[in-house]
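Naming convention: chains lettered A, B, ... in sequence-line order (proteins, then strands); numbering from 1 in each chain. Given the structure is predicted, the values throughout are model-derived calculations rather than measurements. Values reported hereafter were calculated over all heavy atoms of this structure, with side chains retained and with hydrogens, waters and symmetry mates removed.
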Protein chains: 2
Amino acid sequence: MHQPLTKSQATIAKILTASEGLFLERNYAEVTIDQIAQACQLTKGALYHHFASKEELYLHLIHEDLTAKRNLFSQAISLPGTCRERLERLTRTFLDLPPNKRQLITLIRRDINVFKTASRTRLISLYQLSLPSIVETVIRDGIRDGELKPADVRLLSWHFVAMVEVILNAYADKMLVDVQTKLDHSLELFFHGAARRSTKR
Amino acid sequence: MHQPLTKSQATIAKILTASEGLFLERNYAEVTIDQIAQACQLTKGALYHHFASKEELYLHLIHEDLTAKRNLFSQAISLPGTCRERLERLTRTFLDLPPNKRQLITLIRRDINVFKTASRTRLISLYQLSLPSIVETVIRDGIRDGELKPADVRLLSWHFVAMVEVILNAYADKMLVDVQTKLDHSLELFFHGAARRSTKR
DNA sequence: ATTAAAGCATACTGAACAGTCGGTTTGTTC
DNA sequence: GAACAAACCGACTGTTCAGTATGCTTTAAT
């Protein structure tokens, strides 16, 4: 399956791994090419041998990650089950990722504004496909099957994704330890609400 | 009540208004001092007569806005009522703000990373006091009075705030027109959940 | 009217940084 | 081991900014 990497591929991988760490800590503008070069024991010249620009490097990094996530998450919801089960499996898949991979998906929200329209729309559609549209699928099924109340699918999906991100950010800010439990609570909140007696509407 | 503004105060107000508009469109790093100066018909030199640095200017802007919001929102939840009524009044107050004031609260999330620890913690506590802690108060009361299920107050509040912000961002991205209605749906979701039959737990 | 300070403009400095370019090393092929 | 290309180095360039130095102009108070 894995033939030995060429020198170039190995270097590119090294560059991407190094920049991943840096971009997780600081934002796009604050990470300099020289810092990336230093982090992977290369020089700026070497970087520009493999990538045409800082922007291309960043986009490549995001692209790799989001397409991987897209495949992973697609699988997670492909198995049969109730809406809730499928969403639980989705978040479980998310939680099983190594922490840095887990966080990567938040970069796009943070840095989206620094790019011009072309790259921006590309990023948005990549992100859209990686998680929100996956969630939308499940939610749409849930409404169709009568498991969920009729509602604006897109809005509901956004709220669900936002919930997951709240947990992620809280975790990143070290304000949260037990991610698993908290995410379970959040799912319960999403499905049954915060009110004590759900006096049916 | 209002004695006539001094020249300086008037200029400062003009600077703040102008920079507010710019910071709403681009982020901290992308707005230059010269752009701000141009926007308020002044020069860089004049700006530095009134503010010691770009950072101080920005912090001043945020500070003004967040303390105003804090007072406004405190009032909104001070009137008696159920948890839901008070939160509805809170979001209503939010919606009644002019659009730019409404959006201002999102700046902090976007730009927080560019500042060093000192300013960062100041910003965080300002933000915390302006909205999240207000929401926390209401939620804590709601749980105490048995209107809400027992839960992690802080987490629940974050989720609530996140919901409001989802609507705000969608609106900012022009993906949403009828903010009022959508926010009502979101409140309903928060209290009673997305599931069709809330089979009591 | 005089004067001192407040308000403001112009031109400049210095640092940071993305991107470039000529040249050197390393590895591969014949 | 010659020849060639891919990988890499490091010094340089051009630009963009925040911040400064210096002095002119308006304001207001005596």
Problem set entry | Non-neighbouring partners of A/Glu85 that pass side chain to side chain contact (heavy atoms under 4.5 Å, CB included), sequence neighbours left out | A/Thr82

Problem set entry | Separation of C/dC17 P from A/Leu47 CG (nearest whole Å) | 15 Å

For this session: Starting from P on D/dC8, measure out to CD1 on A/Ile15 and report it in whole angstrom.
Result: 7 Å

For this session: Report the distance from atom OH of A/Tyr48 to atom C1' of D/dC9, rounded to the nearest whole Å.
Result: 15 Å

Seminar exercise, completed: 5'-most contact on DNA chain C (nearest-nucleotide basis), A/Gly45 vs A/Gln35, goes to A/Gln35

Exercise. Do any side-chain nitrogens or oxygens of A/His49 fall under 4.0 Å of OP1 or OP2 in D/dC8?
Worked result: no

Review item, nucleotides 14-16 of chain C N/O atoms under 3.5 Å of protein N/O:
none

For this session: Send over the distance from A/Ile36 CD1 to D/dC9 P, rounded to a whole Å.
Result: 15 Å

For this session: Check whether any side-chain N or O of B/His50 sits under 4.0 Å from OP1 or OP2 of C/dA6, and answer yes or no.
Result: no

Exercise. Parallel under 30°, tilted from 30 to 60°, perpendicular over 60°: which one fits the rings of B/Tyr58 and B/Tyr28?
Worked result: perpendicular

Problem set entry | Polar side-chain atom of A/Glu136 near backbone of A/Arg154 as donor-acceptor pair, under 3.5 Å | no

Problem set entry | Presence of donor-acceptor pair under 3.5 Å, side chain of A/Lys44 and base of C/dG19 | yes

Exercise. Hey, is the side chain of A/Thr11 poking within less than 4.0 Å of OP1 or OP2 on D/dC8, counting only N and O atoms?
Worked result: yes

Problem set entry | Whole-Å distance separating the NZ atom of B/Lys54 from the P atom of D/dT16 | 15 Å

Exercise. Given atom CD1 of B/Ile33 and atom C1' of D/dT16, what is their separation to the nearest angstrom?
Worked result: 14 Å

Seminar exercise, completed: From CD of A/Gln38 across to P of C/dC17 the rounded distance in Å is 12 Å

Exercise. Got a sec, which residues hit ring-ring contact (aromatic ring centres under 6.0 Å, His included) with B/His60, two or more places apart in sequence or on another chain?
Worked result: B/Phe51

Problem set entry | Contacts of type ring-ring contact (aromatic ring centres under 6.0 Å, His included), residue A/Tyr127, not counting sequence neighbours | none

For this session: Measure the distance from CG on A/Leu42 to P on C/dT25 and round it to the nearest whole Å.
Result: 17 Å

Problem set entry | Pairs satisfying ring-ring contact (aromatic ring centres under 6.0 Å, His included), at least one member in residues 129-181 of chain A, at least two apart | A/Phe160-A/Phe190

Problem set entry | Partners passing ring-ring contact (aromatic ring centres under 6.0 Å, His included) against A/Phe73 (at least two apart in sequence or in another chain) | A/Phe94

